[in-house]
Amino acid sequence: MFLILQPVSGVNAGIVERNSFLTEMLSLAEKPRSYFLIDLAEGKMMLMARGISIREWTFDNIRFMGQPLPVKPFFLESKSVQLSSLRNNIDIDGPEVKEVSTDDAEAKKKADNKKSDSKEADNKKGKKFELIALELDDMPGNYQLFLNGGTIINVRSQAEGSETFLKKAGYMLKWYAYYPLLAISSYYHKTKFTKIDMFFKDKTEAQALFWAFTEETECILLPPGTENREDFQL
Amino acid sequence: MKAIFNNKIFLAFLIIAGAALIVFLSAEGMGYYILAREKAAWLKSNASTATLEEKELKELEKKNEKLLQKIKKLAPKGVYLIVDTAKNRLYLNKDNETLRQAVISTGNGNVLTEPGGKNRTWTFDTPRGEFSIKYKLKDPTWLKPDWAFIEEGEDIPKQVGDRVEEDVLGEYAMGFGNGYFLHGTLYTRLLGRNATHGCVRLGDEDLEVVNKASSVGTKIFIY
């Protein structure tokens with residue numbers, strides 16, 4: 001009697017890998033939270049909920065170095081910039097609130113009139129009004145995302161003005177000179193060392209990613225190998 | 001020139017600098033070697049070394065199909081809403097197709113602390129995650145919460161009637177839990193900005209469309 005044992009490579013490897021991919025995707029899709037699918041080969045990142053993509057980012061460049069990661073959920077432990085440090089505290093007696101209050105008072109008047117024409121009121125309203133809020137523009141365009149297990153994702157966007165050369169030089173030095181030295185250290189100390197670098201030309205895309213990727217959000221990183229890409233499709 | 005090379009200090013410096021450079025370049029080379037090995041491992045990380053019987057492979061294929069069906073079943077049925085709080089956009093979707101895109105206002109992210117050492121704090125964020133419409137209201141009335149008075153430096157009223165404010169939420173309101181609503185607004189010029197205390201404000205026309213298209217149970221995905 002023959003036992004047909006097949007080495008799991010090529011097409012068969014796909015079946016095994018697809019099984020682990022689908023199992024992990026199901027585990028995330030069952031939760032009432034959104035999660036990310038980061039495709040290192042395609043240079044894409046998808047925000048997903050219940051198995052559907054609700055927002056997609058495409059990187060203009062992506063690099064990675066260090067130890068390979070398994071296809072399993074990781075979560076965002078922290079970011080290099082804390083959102084709480086960007087928030088405004090409402091000063092109840094401050095001038096900003098007075099401006100908002102003026103707006104509120106005007107809105108109340110409109111409500112009292114019941115037939116208020118908001119557009120007209122808007123035009124009449126002084127140009128002094130300044131909205132105090134945490135908005136997309138306040139988000140950083142360059143930052144790091146620290147995943148559990150020691151993986152670090154650098155998110156960068158096009159630097160502006162005179163910063164361009166210095167920032168690029170600093171980045172090159174770090175990536176091509178410092179990280180190789182760090183790799184030796186992690187090899188000898190058997191610590192995790194995985195760095196992923198994502199670059200956006202459009203700064204607002206990097207900012208939107210910062211906004212959307214909140215602490216504790218889980219993600220799955222698809223390996224950069226180009227074989228069997230269809231195994232990682234839903 | 002000869003004098004420079006005859007200088008012992010300079011010579012010692014040259015030797016030390018040369019040695020340091022050699023050590024640095026060797027370390028870099030070793031680092032690159034480790035990284036190249038790891039990169040190769042990453043590119044091949046899909047390939048498992050285990051062996052499986054043909055029968056097991058077929059079972060695995062069936063399992064995969066079942067898993068895929070399970071994931072597909074989790075997708076929202078019919079109409080669902082996606083709220084992008086960064087760009088202040090709402091998407092009315094049906095079966096992966098966007099039927100309408102609306103410019104909205106969402107939470108301003110500010111922090112309000114109650115004065116007088118009471119230590120109550122509010123963060124005016126629109127909550128993120130998966131929600132569903134719990135109830136729908138026509139001509140809603142706003143029952144102002146404590147923070148609305150504190151923010152304006154007013155005393156918190158003792159009578160519920162003093163909290164009532166009419167005609168500020170538009171024609172419809174759709175509650176999605178914990179006091180958060182999709183509703184209309186008088187501040188139309190703030191649509192597209194983060195201007196609310198956590199609710200999602202829509203313009204009149206968009207509110208009408210969203211209210212008509214949605215029902216109790218309609219899913220809302222907020223990010």
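First the proteins, then the strands, lettered A, B, ... as listed; each starts at 1.
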Specify which of A:P70, A:A49, A:A177 makes the most heavy-atom pairs with chain B at under 4.5 Å. A:A177
Going by atom types alone, do B:Y91 and B:D84 pair a side-chain donor with an acceptor below 3.5 Å? no
Counting heavy-atom pairs under 4.5 Å with chain A, which one of B:G129, B:G107, B:A75 comes out on top? B:A75
Is it true that B:H183 and B:E171 share a donor-acceptor pair across their side chains at a distance under 3.5 Å? no
So, are A:R50 and A:E30 salt-bridged, with charged N and O less than 4.0 Å apart? no
The interface call for A:F210 against chain B, heavy-atom contacts under 4.5 Å, is neither
What about B:W147 and B:F124, are their ring centers closer than 6.0 Å? yes
What part of B:Y32 gets closer than 4.5 Å to chain A, counting heavy atoms only: side chain, backbone, both or neither? both
For B:Y33, is it the side chain, the backbone, both, or neither that has a heavy atom closer than 4.5 Å to a heavy atom of chain A? neither
Report which part of A:L47 has an atom under 4.5 Å of a heavy atom belonging to chain B: side chain, backbone, both, or neither. side chain
Chain B interface, residue from A:R87, A:R33, A:Q207, A:M139 that has the most non-hydrogen pairs under 4.5 Å: A:R87
For B:K87, is there an ion pair with A:E205 - N to carboxylate O distance below 4.0 angstrom? yes
Quick check on the interface: out of A:S53, A:G66, A:S185, who has the most heavy-atom pairs with chain B under 4.5 Å? A:G66
Should the pair B:K144-B:E165 be classified as a salt bridge under the 4.0 Å nitrogen-to-oxygen rule? yes
Most heavy-atom pairs under 4.5 angstrom with chain A, which of B:N93, B:L60, B:L112? B:L60
Proximity breakdown for A:S84 and chain B, heavy-atom pairs closer than 4.5 Å: neither
Heavy-atom pair count under 4.5 Å with chain A, highest-scoring of B:N110, B:N108, B:N96: B:N110
Does a donor on one side chain sit under 3.5 Å from an acceptor on the other, for B:T123 and B:D125? no
Modelled atom types, side-chain donor and acceptor of A:S20 and A:T23, under 3.5 Å: no
